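Read the structure below first, then the notes.
Computed over heavy atoms, backbone and side chain alike; hydrogens, waters and symmetry mates excluded. Just so it is clear, the model here is predicted, and its values are computed rather than measured.
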Amino acid sequence: MLRAGPSQEEIRRHNLGTLLRHVHLGGPTSRAELTNRMGLNRSTIMALTADLTAAGLVREELPRDTGRAGRPSLVVRPESGRFYVLAFDVGVDRLVAARIGLGGVILDRREAVTSRGSFEMTEVVETLAGFTRQMQRKVRPDTVCVGAAAALCGAVRKSDGVVRFAPNIGLEDAPFGEALSGKLALGLPVAVGNDANLGALAEHTRGLGVGCRDLIYLHGDVGIGGGIIVNNQLLGGVSGYGGEVGHTVVNPDGRLCGCGSHGCLEAEVGERALLEHAGRSARGERGRDGIRAVVEAADKGDIIAQDALHRVGDWLGFGVANLVNVFNPEVVIFGGTLREIYLGSAAQVRSRLNTCTLAAFRESLRLRTSALVDDATIVGAAELAFAQVLADPLEVLARIAT
């Protein structure tokens, strides 16, 4: 039996979402440019923008300065102050909550430093809900929350957002999204994603990876995570656990990893390895400040710090080389604490790439540090939260209104 093609209404909804996505990611965009990008005629673009304007999602205005003769094309601008999402980042050492407007504008933000070894899901959820209440008190009555999502340093099941395994914060089979949604009491589900996957999404849509079809984002916290974009799509795997590159083995006889294996990339390159090699773990140094202290000491000529970065960078090079040989990316981006580690060990990483990757694979390869720096994961969580409204703007608004 022949399957019927999409209906006119389905096409319209798809086009509305596509247009809103262009404005959300690209900022204020003229009707003429939208016509070119979407391949639709001017009257269709005018009708679509009229629908989104009537819904309050965008507004149209004259360009400030065209520099051209003739009638200027109206500019479509996202209503960042009216429609927003709640984005959360749950790391080993910190909790972040932000209110992020359509268009990616960070409207408000709260952050707290946490103590290691005392992670309790109920306390974390209460803290994030408290941050949310503080931010919600400042919003105008006409604002609308259209989604919520959290980035978390662990393996997250795609089907229901359950955190299956997060050894660095001690979570296992935890319904984190459900718990946070219940505490927020906003009538919205909270989507949950792996922090490195969401960092990759953020870099692809708003960072160094804009325009790249294939990229790898490596994120450092206490451990190491990875997010992989293949042909403009985030590689998730059958259950959503794709990208756990921190648990690929680079040294079978190496250090014990939190996952129970030995010689994982995370165990050889993560925070604990670097600080122990540098002789600083006994001092109580740790976290981002501890890693930066090692890099700064190495820059000033500290031989022990230099050796620590050399050893860690060597293993990082092995890990990156394996990924490059498998995925042939255009760019590898280092984020979180790996940003500092890479900057202090770039020579070792590049040396391993030169000896362990196929020459053809590294011809166009670029190695870069994150453009979004410490905001990559929170920006990625916001994009996850915006996903539904960008897929079908009017349906989401209708559902919220009821």
Side-chain angles (χ1 to χ4, degrees), residues 3-66 68 70-87 99-107 136 139-149 186-189 191 201-202 204-206 210 232-233 379 381-402:
R3 296 180 62 183
S7 67
Q8 288 299 312
E9 179 61 18
E10 288 172 332
I11 293 172
R12 171 176 165 273
R13 287 180 176 272
H14 169 77
N15 287 337
L16 284 168
T18 301
L19 192 152
L20 185 60
R21 179 176 292 277
H22 279 300
V23 176
H24 170 66
L25 295 178
T29 309
S30 70
R31 279 191 193 171
E33 180 61 26
L34 289 169
T35 299
N36 290 333
R37 290 183 187 178
M38 295 180 63
L40 301 174
N41 60 48
R42 287 182 294 177
S43 60
T44 301
I45 292 295
M46 183 169 62
L48 294 172
T49 56
D51 285 344
L52 293 176
T53 299
L57 289 161
V58 303
R59 67 179 185 274
E60 293 184 286
E61 57 190 25
L62 289 170
R64 292 187 175 91
D65 182 18
T66 64
R68 297 179 181 178
R71 184 177 180 181
S73 177
L74 289 176
V75 171
V76 184
R77 183 181 299 271
E79 285 286 11
S80 302
R82 185 175 179 193
F83 292 91
Y84 68 92
V85 297
L86 295 169
R99 194 167 66 86
I100 299 181
L102 190 66
V105 180
I106 298 179
L107 304 170
Q136 294 290 80
V139 302
R140 303 194 316 260
D142 64 338
T143 58
V144 181
C145 181
V146 295
L186 296 175
L188 290 170
L201 179 64
H204 186 239
T205 55
R206 297 191 178 277
V210 172
N232 286 326
Q233 297 295 318
V379 170
E383 293 307 315
L384 178 61
F386 274 120
Q388 284 194 330
V389 74
L390 294 177
D392 194 343
L394 302 188
E395 190 279 332
V396 171
L397 293 185
R399 179 158 30 90
I400 291 173
T402 58

(request) Report the distance from atom CZ of Arg42 to atom CG of Leu34, rounding to the nearest 0.5 Å. (result) 14.0 Å
(request) Using the side-chain contact (heavy atoms from CB on, under 4.5 Å) rule, take Arg206 and Leu25 through it: C-alpha gap first, then chi angles, then the decisive distance, then the call. (result) CA-CA 7 Å; Arg206 297 191 178 277; Leu25 295 178; 3.7 Å; yes
(message) Side chains of Glu79 and Leu57, heavy atoms from C-beta outward: is any pair under 4.5 Å?
(response) no
(request) To the nearest 0.5 angstrom, please state how far the OG atom of Ser80 sits from the NE2 atom of His24. (result) 9.0 Å
(request) Can you see which heavy atom on Val76 is nearest to which on Thr49, and at what distance? (result) CG2-CG2, 3.7 Å
(message) Between Leu201 and Glu383, is the side-chain contact (heavy atoms from CB on, under 4.5 Å) condition met? List the steps.
(response) CA-CA 8 Å; Leu201 179 64; Glu383 293 307 315; 3.9 Å; yes
(request) Using a cut-off of 6.0 Å, state whether more than 12 heavy atoms not belonging to Gln388 lie near its atom CD. (result) no
(request) Would you name the heavy atoms of Pro78 and Pro28 that are closest together and state the gap between them? (result) CD-N, 4.3 Å
(request) Can you establish whether the number of heavy atoms outside Arg37 located under 6.0 Å from its atom CZ is more than 12? (result) yes
(message) How about CD on Gln8, more than 12 heavy atoms from neighbouring residues, nucleotides or ligands closer than 6.0 Å, or not?
(response) no
(message) Pair Arg21, Thr18 - check side-chain contact (heavy atoms from CB on, under 4.5 Å), show working.
(response) CA-CA 5 Å; Arg21 179 176 292 277; Thr18 301; 5.7 Å; no
(request) Determine the minimum heavy-atom distance between Phe386 and Ile100, stating which atoms define it. (result) CZ-O, 3.5 Å
(message) Nearest 0.5 angstrom please: Leu20 CG to Leu102 CG, how far?
(response) 5.5 Å
(request) Over all heavy atoms of both residues, which pair between Tyr84 and Leu107 is shortest? Give the atoms and the distance, please. (result) CB-CD1, 4.1 Å
(request) Return the minimal non-hydrogen interatomic distance between Gly81 and Thr143, and the atom names on each side. (result) O-CG2, 3.3 Å
(message) So does Ser30 get a backbone contact from the side chain of Glu33, meaning a donor-acceptor N/O pair under 3.5 Å?
(response) no
(request) List the steps, then state whether side-chain contact (heavy atoms from CB on, under 4.5 Å) holds for Glu60 with Arg31. (result) CA-CA 9 Å; Glu60 293 184 286; Arg31 279 191 193 171; 2.6 Å; yes
(request) Could you tell me which residues satisfy side-chain contact (heavy atoms from CB on, under 4.5 Å) with Leu40, sequence neighbours excluded, listed by chain and number? (result) Asn15, Met38, Thr44, Ile45, Leu48
(message) If you define the side chain from C-beta out and look only at heavy atoms, does anything of Leu74 sit under 4.5 Å from Leu62?
(response) yes
(request) Grab the two heavy atoms, one from Val85 and one from Val146, that are nearest each other, plus how far apart they are. (result) CG1-CG2, 3.8 Å
(message) Using only atom types and a distance under 3.5 Å, with no angle test, would you say the side chain of Arg82 pairs donor to acceptor with the backbone of Asp142?
(response) yes
Please tabulate, for the side chains in residues 389-397, all donor-acceptor contacts under 3.5 angstrom to protein atoms that are two or more places apart in sequence or on a different chain.
residue: Asp392; atom: OD1; partner: Arg13; partner atom: NH1; Å: 2.8
residue: Asp392; atom: OD1; partner: Glu395; partner atom: N; Å: 3.4
residue: Asp392; atom: OD2; partner: Arg13; partner atom: NH1; Å: 3.4
residue: Glu395; atom: OE1; partner: Arg399; partner atom: NH2; Å: 3.1
residue: Glu395; atom: OE2; partner: Arg399; partner atom: NE; Å: 3.3

